[in-house]
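Written below as structure tokens is the structure these notes are about.
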Amino acid sequence: MHAYRTHTCNQLRAEHKGQTVKISGWVHRKRDHGGLMFLDLRDHYGLMQCVINTDNPLFSALEKIRLENVISVTGEVVARTAETINKHLPTGEVEVRVKAFELLSAPVTDMLPLQVNSDEPYGEEVRLKYRFLDLRRDVLHRNIVLRSDFVSSLRRRMTEQGFREFQTPILTASSPEGARDFLVPSRLHPGKFYALPQAPQQFKQLLMMSGFDRYFQIAPCFRDEDARADRTAGEFYQLDVEMSFVTQEDVFAAMEPVIYGAFAEFANFTGTRFKITKPPFVRISYDESTLKYGNDKPDLRNPLVITDVTSVFNRSDVEFRAFKEILAKGGVVRAIRTPKVSDRPRSFFDKLNDWARGEGAPGLGYVIFEGMEGKGPIAKFIPTAALAELQKLTGAGSGDAVFFVCDALDKAVPLDGKARTKIAEELDIIEKHTFKFCWIVDFPMYEINDKTGKVDFSHNPFSMPAGGLKALNNDGPLKIKAYQYDCVLNGIELASGGIRNHVPEIMERAFEIAGYSRGTVETKFGGMYNAFKFGAPPHGGCAFGIDRMVMFLADQKNVREVIAFPMNQQAEDLLMNAPTVVEPNLLRDVHIKLDLPKAQVKAAS
RNA sequence: GCGGGUGUAGCUCAGUUGGUUAGAGCGCUUCCCUGUCACGGAAGAGGCCGAGGGUUCAAGUCCCUUCACUCGCGCCA
């Protein structure tokens, strides 16, 4: 017989009746009846009930084994009587009658900091410090398995389409993404640093210029920025993709079946099958998205749509001064048509108004339509003809309401977006159990940096500007669009990508517009620049966030629920105790002397 | 860096207008229990109420400071 097991804890069925088997695992739970004890043994695969009674000399020894000890049990598989079958367990028709057992782990003597057999919501700190216990628990364990299976599925689907997986360096140079770099000091080159890649952006482009045609990688990416619920501190994984001789549509066509297929494969993970938009995913321009949804990552499960109604409040017969004053300064009025709410109590509208004030707006104006008439606090400022125009623009009918946001464009848009979400949440009209994908296309190439007031790249500086060199030279920078796109799912950005700029002349000009002197590209991205000069194919790609995709499939609100060993919000690994102070000789090796803020000097010494 | 929330037993939490000895469930120890599957029952151990300061006859509770965790903002094209 095998030293540890002949079967796993999820294998035994009625057909094994009469066999002597050996199983190994953790003591999940004990039910001690004095003369008779049941013990659930747990391994990765499942649970198996073992049973022992007092005529067995091992009884008292087994009775003393505490939860989470690792033991092996040898015994006979016996059928349970009809009344004692457990339908909730795949192994519930049988049990193992203990003949022998062996403690395989060091005996557990300390109190468990968290109970594995419970689904209580434990505090993050305990969960992260004792992650190995947390990972034994059912939900997290299954999430990590899902992640593994999902990544395998992505790999298979990519490979089947002729993509090859490559590895790229972890110790590299600073890349063009805008986040802070993690730095690694060089021992051989005093005063010089490697940077961990924020993404393998330059390497994947270089692979295209090296003639490999179709690249992908499940790539670790490192960015020294603060965490959010949907964004881990420090590091994350992307399905990173690049292709040669492709247009934007080719990238979409390659990725849609991969993403759709992998999502469809695991859409039932939670036990409720999610609906998924089938390819082709709808394409929405950046401009349209910011107008209709108030941001560049629309949640298409939300049926509400925003329209511009500035013209209504510009009419001479409309006398709503609060808006007119803002319009005079170049502001806009945006409207959210909200169907079938005329029967809602005043408190519904007041609540939304209070919410808007909490967001820093003066309020959230509204008009309720009853027939051709307008109701509500500001309706009296809008005469019938203007109301008719409002109805025409928004599509609002009798029984509908229209909410207004009036502000400068750059303030109105984000508030619109939030209001659209808020109203839909209040009405509970956001579609459930649905994955709605879309591509946002035609991002602006440049934007005004609101701190410096200067022109800045709004996304990846390596993207090809629409219209090429001609557009760069002739059009205003803010009018130029880029071949830059995002894939958005349910209001969250899943992927970003672009068709790359592979022409050195266009790249020089593009950087020049963003305020970099000629030659910057060559000095800053020398390897790339050289490659552009010696025969670069047109190419493009994208990168999908693995953590977020798994988070969606697992229906979790926090990425830490789909990462085996995440850091906490302060970017600390409580299990491994990182970051930590290091021995002075290690610092000497890399030519580093610390110059710490006063308060932290003590902690580091 | 800034704002919100939380901090009470190993874990998850309750704790009234400030008022006797700070409670419950799980876990742990001892005992009872031969068909449970979140087994049941009895008893017990276990607390610097995050830390420091203050108000008060009296503070888990009120005030100030501080620390930790968390959510959000900034940041992350």
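Every value quoted in this text rests on a predicted model; they were computed, and no experiment measured them. In the text below, chain A, chain B and the rest are named by the order of the sequence lines, each starting its count at 1.
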Side chain A/R228 and base B/rG74 donor-acceptor under 3.5 Å: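 For A/R228, whose side chain was compared with the base of B/rG74, there is a donor-acceptor pair (under 3.5 Å).
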Heavy-atom donor-acceptor pair, A/D226 side-chain to B/rG74 base, under 3.5 Å: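 Pair found.
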What's the gap between [N] and [M] when it is taken at their [atom1] atoms, as a whole Å value?
| N | M | atom1 | answer |
| --- | --- | --- | --- |
| B/rG50 | B/rU61 | P | 8 Å |
| B/rC67 | B/rG53 | C1' | 14 Å |
| B/rG47 | B/rA14 | C1' | 15 Å |
| B/rG23 | B/rC64 | P | 30 Å |
| B/rA59 | B/rU20 | P | 12 Å |
| B/rC32 | B/rA9 | C1' | 26 Å |
| B/rC26 | B/rC39 | P | 10 Å |
| B/rG3 | B/rC57 | C1' | 39 Å |

Distance-only side-chain donor-acceptor flag, A/Y483 / A/N501, under 3.5 Å: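 No pair is found: no donor N or O on one side chain lies under 3.5 Å from an acceptor on the other.
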Rounded distance in Å - [atom1] ([X]) to [atom2] ([N]):
| X | N | atom1 | atom2 | value |
| --- | --- | --- | --- | --- |
| A/L133 | B/rC11 | CG | C1' | 11 Å |
| A/F182 | B/rC75 | CZ | C1' | 13 Å |
| A/Q198 | B/rC75 | CD | P | 16 Å |
| A/M37 | B/rG40 | CE | C1' | 16 Å |
| A/D181 | B/rA77 | CG | C1' | 14 Å |
| A/K557 | B/rC71 | NZ | C1' | 14 Å |
| A/R231 | B/rG72 | CZ | C1' | 11 Å |
| A/D134 | B/rU12 | CG | P | 11 Å |

Near-strand residues of residues 561-570 of chain A, defined as heavy-atom separation under 4.0 angstrom from RNA chain B: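 Residues of residues 561-570 of chain A that come under 4.0 Å of RNA chain B are, in numerical order, A/N568, A/Q569, A/Q570.
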Base, sugar-phosphate alone, or nothing: which one does [X] contact when heavy atoms must sit under 4.0 Å apart?
| X | answer |
| --- | --- |
| A/L112 | sugar-phosphate |
| A/R560 | sugar-phosphate |
| A/N558 | sugar-phosphate |
| A/E120 | base |

Is it true that [X] and [Y] have a side-chain N and a carboxylate O under 4.0 angstrom from each other?
| X | Y | result |
| --- | --- | --- |
| A/E225 | A/R231 | no |
| A/R548 | A/E493 | no |
| A/R13 | A/E93 | no |

For [N], give its Watson-Crick or G-U wobble partner with both distances under 3.5 Å, or none.
| N | result |
| --- | --- |
| B/rU12 | B/rA24 |
| B/rA45 | none |
| B/rG3 | B/rC71 |
| B/rA38 | none |
| B/rU17 | none |

A/V246 side chain near A/H539 side chain, heavy-atom distance below 4.5 Å: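 Counting from C-beta outward, A/V246 and A/H539 never come under 4.5 Å.
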A/F544 side chain reached by A/I259 side chain, heavy atoms, under 4.5 Å: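 Yes - at least one pair of side-chain heavy atoms lies under 4.5 Å apart.
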Candidates B/rC71, B/rC69, B/rG27 - which lies nearest the side chain of A/A229: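 Taking heavy atoms from C-beta onward, the closest nucleotide is B/rC71.
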Given B/rC75, B/rU12, B/rC26, the nucleotide with the shortest approach to the side chain of A/E225: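 So the nucleotide nearest the side chain must be B/rC75.
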Side-chain (A/Q484) to main-chain (A/G497) donor-acceptor, under 3.5 angstrom: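 Yes; judged by distance alone, with no hydrogens or angles, the pair exists.
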Under 6.0 Å between ring centres: does that hold for [X] and [Y]?
| X | Y | answer |
| --- | --- | --- |
| A/F457 | A/Y446 | yes |
| A/F525 | A/F462 | yes |
| A/F222 | A/F236 | no |
| A/Y485 | A/Y286 | no |

Point-to-point distance, once rounded to the nearest 0.5 Å, from SG of A/C487 to NZ of A/K297: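 These two atoms lie 14.0 Å from each other.
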Per-nucleotide protein contact string for nucleotides 28-36 of chain B, where B marks a base within reach and S marks sugar-phosphate only (heavy atoms under 4.0 Å, - for neither): SS---BBBB
